[in-house]
Amino acid sequence: MYEQHFGLARLPFTLTPNTRFYLRAQSHDRAFATVIHALRGREGFIKVTGQVGTGKTLLCRRLLNALKPPFVTAYIPNPQLDPLDLYRAVAEELGLQKDMVEGQHHLLRLIQGCLIEHAREGRSVVLVIDEAQVMSEATIEAVRLLTNLETESRKLLQVVLFGQPELDTMLRGPRLRQLLQRITFQERIEPFTAKEVPAYINHRLSMAGYNGQDLFRQGALRLVARSSGGVPRLINILAHKALLSAYGEGSTRVEARHARNAVRDTESAIPLRWPWSLKRA
């Protein structure tokens, strides 16, 4: 595409979460530090929420990469499962050999035995669930039952939930009150601030191999920041399209007009007539 034209080794603004491109923004770093602290303190339930496109899955993958022994992780990226299938998925993640037609009680016994063995060996098992807002109330309750597995001195399983704000609404329902009371730590991922958007764009360009003068002019950066609302996914879309527009003209730098073209071509972008809406911090 345009990599050679701009001196890039790879595409800088792909939508696939890649921890290589992680930017240590204030909101994301605070959430990451809170989760790590809670897991080391052996807290049972931790929750991280954020709007669509704010980087929850990327943060989730960074967490999975960071949890080295004595932590053992089980990762459920799509928890739109009934309780039995959730237990099957957890069992698979823990490497258990099981008969897929066995019932819920049998699977719970298998999982409990595995968790006890990990505890005996000094390991801590962490269940990480992404897109947790898609779970049914019955499946969320099944997760809570998993955290009831414990010895006299410690929980056998810790759970980290990543989800959209709808997860908060669901957990406030009367039937999930017990689980909500067990969530001891929670964080909210916010969109990037006005200062963080240019830093994010330049960071991703650098990680993609760019080492020349600023590729995006200040006017282009301001337009991308304003029209994305600071949401990383939208920043990626707009920055990618702005690069395509500049490449199409044969320009070696991204000007404001290229960013404007990108905004006009993106339905989910904030229209240019809207007022500035990013935090200034």
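Ring geometry for Phe13 against Phe216 counts as perpendicular: the plane angle is over 60°, on a 0 to 90° scale with 30° as the lower cut. Ring geometry for Tyr2 versus His240: interplanar angle of 30 to 60°, hence tilted.
Heavy-atom contacts from other residues, nucleotides or ligands closer than 6.0 Å to CG of Asn211 number 12 or fewer. The neighbour count for Arg109 CZ, taken as heavy atoms of other residues, nucleotides or ligands under 6.0 Å away, does not exceed 12. Counted within 6.0 Å of NE2 on His37, heavy atoms from surrounding residues, nucleotides or ligands total 12 or fewer; the atom is thus considered open. Around atom OH of Tyr247, no more than 12 heavy atoms belonging to other residues, nucleotides or ligands sit under 6.0 Å away.
To the nearest 0.5 angstrom, Thr193 atom OG1 is 7.5 Å from Gln26 atom CD. The distance from the CG atom of Asp214 to the CG atom of Leu205 is 9.5 Å, given to the nearest 0.5 Å. Separation of atoms CD (Gln178) and CG (Leu145) is listed at 9.0 Å; rounding is to 0.5 Å. Between atom CG of residue Leu223 and atom CG of residue Leu238 there is a gap of 9.5 Å, rounded to the nearest 0.5 Å. For the atom pair CD (Gln133) and CG (Leu171), the distance works out to 11.0 Å, reported to the nearest 0.5 Å.
For the pair Tyr75/Ile129, no side-chain contact is recorded, criterion being any heavy-atom separation below 4.5 Å from C-beta on. In this structure the side chain of Leu234 reaches within 4.5 angstrom of the side chain of Thr266, judged on heavy atoms. With contacts defined as side-chain heavy-atom distances shorter than 4.5 Å, the pair His258/Ser251 qualifies. Using a 4.5 Å heavy-atom cutoff, the side chains of Arg88 and Leu107 are in contact. Considering only heavy atoms from C-beta on, Glu131 comes within 4.5 Å of Gln164 through its side chain. A 4.5 Å side-chain heavy-atom check between Glu196 and Pro191 finds every atom pair outside the cut-off. The closest side-chain heavy-atom distance from Pro12 to Leu243 is below 4.5 Å. Val35 places none of its side-chain heavy atoms less than 4.5 Å from the side chain of Leu59.
A donor-acceptor pair is defined here as one N or O able to donate and one able to accept, closer than 3.5 Å; such a pair exists between the side chain of Asp82 and the backbone of Asp85. A donor-acceptor pair under 3.5 Å is absent between the side-chain atoms of Arg61 and the main chain of Asn18, judged by distance alone. With hydrogens and angles ignored, the 3.5 Å screen pairs a side-chain donor or acceptor of Gln158 with a backbone N or O of Glu43. Listed for the Lys195 side chain is no donor-acceptor partner under 3.5 Å among the backbone atoms of Phe192. Side-chain atoms of Lys47 do not come within 3.5 Å of backbone N or O of Phe185 as any donor-acceptor pair. The main-chain N or O of Val224 is never found under 3.5 Å from a side-chain atom of Ser227 such that the two would form a donor-acceptor pair. With Ser206 contributing its side chain and Asn202 its backbone, the two residues share no donor-acceptor pair below 3.5 Å. Ser27 contributes a side-chain N or O that, together with a main-chain N or O of Glu190, makes up a donor-acceptor pair within less than 3.5 Å.
Under the side-chain contact (heavy atoms from CB on, under 4.5 Å) test applied with Leu180, the options Arg172, Arg144, Gln186 reduce to a single match, Arg172. Between Val159 and the choices Ile46, Val126, Val143, the side-chain contact (heavy atoms from CB on, under 4.5 Å) rule is met once, by Val143.
You'll find the ring centres of Tyr22 and His203 outside the 6.0 Å limit.
By the 4.0 Å N-to-carboxylate-O rule, Arg257 lies close enough to Glu249 to be salt-bridged with it. A salt bridge is absent between Arg10 and Glu3: the closest approach of a Lys/Arg side-chain nitrogen to an acidic carboxylate oxygen does not fall below 4.0 angstrom.
Here the closest non-hydrogen pair linking Ala194 and Pro198 is O-CD, 3.1 Å. Closest approach of Lys241 to Ala262, counting heavy atoms only: CB-CB, 3.6 Å. Listed here is the closest heavy atom pair of Val128 and Cys60: CG1-SG, 3.4 Å. Contact detail for Leu156 and Ala119: the closest heavy-atom pair is CD2-CB, 3.7 Å. Minimum heavy-atom separation, Ala138 to Pro83: O-CG, 3.7 Å.
Checking Lys155 against Thr147 by side-chain atom types alone, no donor-acceptor pair falls below 3.5 Å.
By the 6.0 Å and 45° rule, Arg182 does not stack over the aromatic ring of Phe45.
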CA sep, side-chain torsions, deciding dist, call: Asn236, Tyr200, side-chain hydrogen bond (donor to acceptor under 3.5 Å, both in side chains)
CA-CA 10 Å; Asn236 287 355; Tyr200 174 78; 2.8 Å; yes

Taking it one step at a time, do Leu127 and Val90 satisfy side chain to side chain contact (heavy atoms under 4.5 Å, CB included)?
CA-CA 8 Å; Leu127 173 61; Val90 172; 4.1 Å; yes

If you look only at distance, which donor and acceptor atoms sit under 3.5 Å apart when one is on a side chain in residues 51-58 and the other is two or more places apart or in another chain?
from: Thr54; atom 1: OG1; to: Gln51; atom 2: O; distance (Å): 2.6
from: Lys56; atom 1: NZ; to: Gly50; atom 2: O; distance (Å): 3.1
from: Lys56; atom 1: NZ; to: Gln51; atom 2: O; distance (Å): 3.0
from: Thr57; atom 1: OG1; to: Asp130; atom 2: OD2; distance (Å): 2.7

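Remark: Asp29 engages Arg24, Arg62 in a salt bridge (charged side-chain N to carboxylate O under 4.0 Å, His left out) (not counting sequence neighbours).
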